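Below: the structure, in structure tokens.
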Amino acid sequence: MPKYLIQATYTAEGLKGVLREGGTARRQVVDRIAESLGGRVEQMYFAFGETDVYVVADLPGNVACAAWGFTASAVGGLRTKTVVLLTTEEIDEAAKQQVQYQAPGG
């Protein structure tokens with residue numbers, strides 16, 4: 001199952017929810033979202049800085065991950081950014097692919 005790194009930055013309204021409900025309650029919500037899409041959360045971390053939350057999740061594919069991001073962002077409590085994570089085996093497979101490419105001007 002593909003793995004994703006979902007980065008979330010809370011809006012002021014979203015932070016009020018965290019302060020009211022706590023981090024454990026937010027993790028439970030995130031677990032339920034992943035499960036509803038046929039996936040699971042591997043890890044979730046809160047952080048200092050520009051990004052407030054990092055979630056590593058296994059999801060069925062890009063469509064499920066996009067649905068998660070659209071839904072979470074549409075509510076207005078946070079903004080998300082997603083990174084598709086690749087295993088070392090997937091990189092090995094990609095490195096073996098024959099790609100036809102010509103550099104610009106070449």
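Not measured: the values here are computed from a predicted model. Quick note: residue numbers are just sequence positions, from 1.
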Should the pair Asp31-Arg27 be classified as a salt bridge under the 4.0 Å nitrogen-to-oxygen rule?
yes
Side chain of Tyr4, backbone of Asn62: donor and acceptor closer than 3.5 Å?
yes
Measure the CD1-CG distance between Ile33 and Leu59 for me, rounded to the nearest 0.5 Å.
10.5 Å
Can you find a pair of side-chain heavy atoms, one from Trp68 and one from Val30, that are under 4.5 Å apart?
yes
How far does OG1 of Thr87 sit from CD of Glu93, to the nearest 0.5 angstrom?
8.5 Å
Within a strict 4.5 Å, meaning less than it, do heavy atoms of the Tyr10 and Val53 side chains meet?
yes
Nearest heavy-atom contact between Arg26 and Glu21 is NH1-OE1, 2.8 Å
If every non-hydrogen atom of Thr11 is compared with every non-hydrogen atom of Gly76, which pair is closest and at what distance?
OG1-O, 3.1 Å
For Val41 and Ala34 the tightest heavy-atom approach is CG2-CB, 3.8 Å
Enter the distance from Lys3:NZ to Glu90:CD here, rounded to the nearest 0.5 Å.
10.0 Å
CG (Leu15) and CG (Leu78) are apart, to the nearest 0.5 Å, by 9.5 Å
When rounded to the nearest 0.5 Å, the distance separating CG of Leu5 from CG of Leu85 is 5.5 Å
Linking I/L/V/M/F/W/Y whenever any side-chain heavy atoms sit under 4.5 Å apart, do Val75 and Val18 land together?
no
Please tell me if the side chains of Gln7 and Thr9 come closer than 4.5 Å, counting only heavy atoms from C-beta onward.
no
Same apolar cluster: Val55 and Leu37, side chain cutoff 4.5 Å
yes
Is Glu13 close to Lys16 at the side-chain level, that is, under 4.5 Å between some pair of heavy atoms?
yes
If you look at every heavy atom in Gly69 and Thr80, which pair is closest and at what distance?
CA-OG1, 3.8 Å
Of all the heavy-atom pairs spanning Cys65 and Thr82, show the shortest one and how long it is.
SG-CG2, 3.4 Å
Please tell me whether Met44 and Val29 are part of a single hydrophobic cluster in this structure, the criterion being side-chain heavy atoms less than 4.5 Å apart.
yes
Taking all atoms of both residues into account, what is the closest heavy-atom pair of Pro2 and Gly61, and its distance?
CG-CA, 4.2 Å
If you draw a 6.0 Å radius around CZ in Phe46, do more than 12 non-hydrogen atoms from other residues or ligands fall strictly inside?
yes
